[in-house]
Amino acid sequence: MAFLADSLARIKPSATIAVTNKARELKAAGRDVIGLGAGEPDFDTPDNIKEAAIKAIRDGKTKYTAVDGMPELKSAIAAKFMRENGIAYKPAEITVGTGGKQVLYNALMATLNPGDEVVIPAPYWVSYPEMVALAGGTPVEIATTLEAGYKVAPADLDRAITPRTKWVIFNSPSNPTGAAYTHAELRTLADVLLKHPHVWVLTDDMYEHLVYDGFRFATFVEVEPSLVTRTLTVNGVSKAYAMTGWRIGYGGGPRELIQAMATIQSQSTSNPSSISQWAAVEALTGPQDFIPKNAELFRQRRDLVVSMLNQARGIACPRPEGAFYVFPSCAGTIGRTTAGGRKIGDDVDFVTGLLEEEGVAVVQGSAFGMAPHFRISYATSNAALEEACTRIQRFCGGLR
Ligand SMILES: Cc1ncc(COP(=O)(O)O)c(C=O)c1O
């Protein structure tokens, strides 16, 4: 349509949201569908956080706040960075947005010029390349392999960097693979970054608290403190505190960048909801004991899903360190025909067949830059996961 901006031609709508909508449609039409597409915890927001928000409303904390976050929340975030990551960000080096998504968007909008490159390891969260393109930059993918646990090799990172590279985006634990980098692995990547002082690091630590089997989370500035002058450390309350709907994310970085991001936010959305900000203060400063409890539930679900998927014919599923996703390969199903007579030529055919014939909604790996794979979110009940995996086994077992 001629009326729409050219920039829209550069981006596509979120594939994960599309799958969720399709599953919802089928459900509304009376079909028995298990949705494993959504990227959010199935737990409820803890009561102490809800109460803090209710109190904020009662106390009249319902007005505009400082554009990129009220001082009370910035202090709570600074304390969090120190307590959990050993990073000494001052409040002026902290920004708060309407979800981590807005923080990432602001950072790219504030820094990218046409022709600037942003290095993104694949598979990646669907929004990174789209946001880069929308901001006028050029996404540059680095391929990884299932065998290497979907982690980028230092030599490949080195090779992907050019004089035009502005940012490298890292996401550990990862959406969509669940892969998380150890301190030692980040060290080898930090060494590459030290060779390229013009490159900035955008680290998306959204799944920090969802790591299993004693894995120790690490982030770049903690591993290599000198990177603090060119890193934006992004995090948020959505995943760890089951607060996806509240829309609070934050970042720590050099003051000049933080100010530029606030300028963008001041001319778009202004402050994130004041009520949600008070809830986030409680999340970050209140009791934290439910986090390991939830993580233990997620670990059990991961183990259930990984073991059942590896019993499905043609599926290979590594056991990731964190997040609530697995990213199995369906390479062993390509070229076969489903019980319903569909030919599986790629991962889109696989997920379409699975949804239509068995009522299980997952997302094709190609949406995340790696095929033929698919992503399962295991943030749902054990019973639903068991049933879904049984159906996947049946679907794969029925392939001719
Ligand atoms: C890797 C990653 N980063 C950022 C976000 C954004 O989270 P929010 O905007 O809810 O803070 C998500 C949400 O799905 C994500 O998976």
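Below, all heavy atoms of this structure are taken into account, side chains as well, without hydrogens, waters or symmetry copies. Just follow the structure's listing: the first ligand is 1, and inside any ligand the first atom is 1.
Where the criterion is an N or O separation shorter than 3.5 Å, residue side chain and backbone included, Y325 fails it with respect to ligand 1. Considering backbone and side-chain N/O atoms, S238 comes within less than 3.5 Å of an N/O atom of ligand 1.
Per-residue contacts place Y128 under 4.0 angstrom from the following atoms of ligand 1 (heavy atoms of the residue considered): 1 (C). Taking every heavy atom of N171 and a limit of under 4.0 angstrom, the matching atoms of ligand 1 come to 1 (C).
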**Message:** Run the side chain to side chain contact (heavy atoms under 4.5 Å, CB included) test on V281 and M70 for me, step by step, so that the C-alpha distance in whole Å, both residues' side-chain angles and the decisive distance to 0.1 Å come before the verdict.
**Reply:** CA-CA 10 Å; V281 169; M70 55 189 205; 3.8 Å; yes

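Residue-level proximity to ligand 1 for R247 is carried by the side chain, the only part with a heavy atom below 4.0 angstrom. Under 4.0 Å from ligand 1, not a single heavy atom of Y124 appears.
The closest approach between G99 and ligand 1 falls below 4.0 Å for a heavy atom of the residue. Residue contacts with ligand 1 do not include T244, since none of its heavy atoms lies under 4.0 Å from the ligand. A heavy-atom separation below 4.0 Å is found between G100 and ligand 1. Proximity of F324 to ligand 1 is not established, as no heavy-atom distance is less than 4.0 Å.
Among protein heavy atoms, atom 3 (N) of ligand 1 sits closest to D204 OD2, 2.5 Å. At the shortest separation from atom 12 (C) of ligand 1 among protein heavy atoms lies W125 CZ2, 3.5 Å.
At a threshold of 4.0 Å, the pair D116-R164 counts as salt-bridged, since one of the basic side-chain nitrogens sits closer than that to a carboxylate oxygen. Ionic pairing of K195 and D191 is not present here: no N-O contact between side-chain nitrogen and carboxylate oxygen is shorter than 4.0 angstrom. A salt bridge between D213 and R302 is present, with a side-chain N of the basic residue lying under 4.0 Å from a carboxylate O of the acidic one.
Proximity annotation for atom 14 (O) of ligand 1: of E40, M206, K101, K239, K239 comes nearest, heavy atoms only.
D204 and Y128 share a side-chain donor-acceptor pair at under 3.5 Å. In this model, no donor atom of one side chain and acceptor atom of the other lie less than 3.5 Å apart for T138 and E117. No hydrogens or angles considered: nothing links the side chains of N294 and H209 as a donor-acceptor pair under 3.5 Å. Side-chain atoms of E224 and S226 form a donor-acceptor pair, as typed in the model, at a separation below 3.5 Å.
Taking the six-membered ring where the residue is Trp, the centroids of F374 and F350 are separated by under 6.0 Å.
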